[in-house]
Amino acid sequence: MSLDGTPLIRIRAKDPGFIETVGELLVTRELLLVLVVRQIKMRYAQTAFGTFWIVIQPLLSAVLYTLVFGLFVKVPTAGVPYVLFSYSGMVVWTVFSQGFDRAGISLVQDERLITKTYFPRLHLPISAALSVAPDLAISTALLLPVAWILGFPPQLRLLWALPAIAVPLLLATGAGSLVASLNIRWRDLRQAAPFLVQIFVWATPVAYPLEVVPGKWRDVLLFGNPMTAPVLVFRHAVVGTPLPSLSAIWVSLGSSLLLLLFGTMVFRSVEKTFADYI
Amino acid sequence: MESAISVSGLAKRYRIRRNANGKYGTDLADDLAARLVDLARGRWRKVEYDDFWALREVDFHVAGGEVLGLVGRNGAGKSTLLKILARVVRPTSGEALLRGRVGSLLEVGTGFHQDLTGRENVYLAGAILGLTRREIQSRFEEIVEFSGVTKFLDTPVKRYSSGMYARLAFAVAAHLEADILLVDEVLAVGDSAFQRKCLGKMGDVAKQGRTVVFVSHSMQSVQSLCTRCLWLQDGAIRMDGTAREVADAYFGSNSETCTQMTWAEPASAPGDREFKLRSVSVRTSEGQGSDEPTTSEPIDLIFEFWNLKDGNPIALHAVILSDEENPLFRMIASPDLPAGGQPLAKGVWRARCRIPGHFLNRGFHRVQLQVSHGRQEVFLTLDNLLRFEMREDRDDRSWAGYWPGAILPSLEWSVVSA
């Protein structure tokens with residue numbers, strides 16, 4: 001801004017500073033909301049069963065897990081019906097996997113916006129990750145009544161669900177920004193990223209309780225995988241399984257923030273070349 | 001008065017990466033494989049680039065309220081300059097300062113999404129172009145009225161005709177609340193009535209004291225809109241003056257011709273979501289293009305295009321203009337022919353239009369292409385595709401002077417004693 005209040009735009013080769021970038025994101029927050037709405041509308045504009053798909057994906061996985069682990073292998077779940085056990089984990093996991101997936105392709109998908117108009121580019125992966133909100137709302141709206149019917153009425157511990165959802169969103173935005181910016185140069189990543197996520201789900205106690213994992217591996221999963229704590233915390237919020245240790249929660253939150261910082265830093269450093277490469 | 005735009009030493013370099021086998025492109029797998037092979041042989045090869053300077057240290061200032069036209073041939077750097085000012089592309093060096101809210105219109109329909117309705121797109125695209133929600137709400141009626149698509153507001157825009165789509169998109173953009181408006185060739189849409197309406201709207205914007213930078217292939221629209229004009233050549237400013245002065249110099253000095261243009265892929269080719277031009281050329285019907293056309297021989301205009309929509313009733317209009325860009329005549333294929341409005345299958349098509357000998361006069365001519373659906377309104381106009389010179393025929397025994405006139409047809413006379 002110049003002295004008399006008219007905006008002053010300075011165009012240079014140099015990258016804008018970190019504070020400048022964050023400031024710009026905050027000033028243009030209305031656009032972020034618009035982009036989130038646009039993402040959601042785009043996604044469900046032409047699908048007759050829009051909401052149906054939101055519910056069916058995690059539910060189908062949960063049913064599959066129920067067959068394999070609940071009926072065939074009979075994994076112990078400390079008195080929680082297996083369907084509820086795995087679906088509650090799946091709801092949190094889907095926030096991450098869907099958010100990451102959408103953020104990762106956000107730049108390639110909206111290349112026309114990037115080559116034809118200016119706005120803070122980081123809004124694209126952020127809005128893509130946040131666009132999982134309706135999916136989350138609908139799957140939670142299904143989960144809670146089912147839990148109640150199966151004997152787990154909502155309690156005050158449900159508040160734990162909020163931090164349990166925040167962490168996967170941070171992770172999805174961080175990892176998504178990283179993949180999105182690399183995707184511009186190397187489209188191969190677009191194939192590889194969802195595949196890695198598929199593998200990653202087995203390193204997270206979604207389908208099985210952490211207790212069945214042998215001793216030292218348990219710590220690897222708990223401290224090495226930032227998605228472990230959110231799944232356990234969310235499950236605690238819904239069905240009251242034990243919380244992980246506080247240190248595990250902090251490590252998960254801390255590493256998510258670090259990944260967010262790293263992802264957005266990479267994004268910012270290659271951002272200037274987006275329009276040149278697309 | 002303080003300048004609205006000050007540009008100093010602005011330059012942009014594009015690096016085209018040469019990969020392992022000396023070809024261009026960035027195929028990660030090939031690239032990595034070639035590097036591993038090299039590494040195994042104990043060599044480390046540096047990445048090689050070819051530099052291309054799209055813009056070389058440009059300096060200029062634009063006062064508030066000025067309407068600046070940017071002209072020049074393809075590849076002269078005018079679009080790059082506009083993209084830098086619009087902050088879509090980052091400069092390699094130099095600086096530009098813009099005072100005020102900037103609105104950029106680099107294409108028609110930025111932020112539009114096929115699956116969303118007209119109403120949704122007005123809100124979303126408006127916000128992406130920089131309008132606040134309140135601004136869009138207060139102008140919604142005005143925007144819709146300007147576009148003339150009121151009846152179809154709740155229809156997804158993919159069902160719109162190209163003309164409707166362009167009108168709605170331009171209407172959103174035309175109501176931007178910007179102090180500085182950057183406009184690139186967006187007028188090349190719609191029929192000529194709508195083009196006039198758009199030009200009029202831009203004129204209004206200028207009268208409100210806002211600053212406009214306008215890139216165009218058409219010297220005529222620059223002359224009718226702009227108070228000042230920059231002529232770019234090879235990334236540098238060749239001339240800076242009034243639109244009149246620059247137009248005179250531009251037409252006077254220019255003996256260069258452009259008899260062929262080709263685009264490698266639809267993504268970079270001019271056109272819209274239904275139609276992309278692949279190549280355009282002018283050839284003497286005898287040879288393979290190298291010969292200078294002479295007034296006595298027929299010439300062929302050849303257009304190759306990608307039809308991106310199956311069953312699209314594409315009709316091509318080749319428009320021949322004088323060098324001063326006055327339209328001379330228009331050629332449309334007969335409606336029972338492909339490219340005259342018959343539905344075309346998806347794919348690449350080639351259309352040829354023959355201009356007979358003893359018809360065009362000597363001198364430079366320009367070619368414009370317009371596209372419509374059958375006999376409906378024109379939805380796409382591609383300006384200044386070619387510029388070719390008709391020469392006098394050396395073998396022609398007739399008097400070799402220059403007869404003024406746009407055309408010089410050989411018509412039949414009969415004289416009888418009365």
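Here is the naming used below: chain letters follow the sequence lines, and residue numbers restart at 1 for every chain.
Applying a 4.5 Å heavy-atom cutoff, the residues of residues 11-24 of chain A that approach chain B are Ile11(A), Arg12(A), Ala13(A), Lys14(A), Asp15(A), Pro16(A), Glu24(A).
Residues passing the side-chain contact (heavy atoms from CB on, under 4.5 Å) test with Ala76(B), sequence neighbours excluded: Leu232(B). Annotation: salt bridge (charged side-chain N to carboxylate O under 4.0 Å, His left out) contacts of Glu271(A) (sequence neighbours excluded): none.
In this structure, the separation between CZ on Arg273(B) and CZ on Arg112(A) is 9.0 Å, given to the nearest 0.5 Å. Taken from CG in Asp115(B) to CE in Met42(A), the straight-line distance is 8.5 Å, to the nearest 0.5 Å. Rounded to the nearest 0.5 Å, atoms CG (Asp110(A)) and NE2 (His113(B)) are 7.0 Å apart.
Residue pairs that meet the salt bridge (charged side-chain N to carboxylate O under 4.0 Å, His left out) test with at least one member in residues 129-140 of chain A, sequence neighbours left out, are Arg102(A)-Asp135(A).
Each of Val89(B), Thr132(B), Ile128(B), Thr92(B) has some count of heavy-atom pairs under 4.5 Å with chain A, and the biggest count is that of Ile128(B). Looking only at heavy-atom pairs under 4.5 Å with chain A, the residue among Ala127(B), Ser104(B), Gly100(B) that has the most is Gly100(B). The greatest number of non-hydrogen atom pairs below 4.5 Å with chain A, out of Ala86(B), Ser93(B), Pro91(B), is found for Pro91(B).
Remark: the backbone N or O of Arg10(A) is not paired with any side-chain donor or acceptor of Glu95(B) at under 3.5 angstrom.
Residues Arg87(B) and Ile9(A) are in side-chain contact: their nearest non-hydrogen atoms beyond the backbone lie under 4.5 Å apart.
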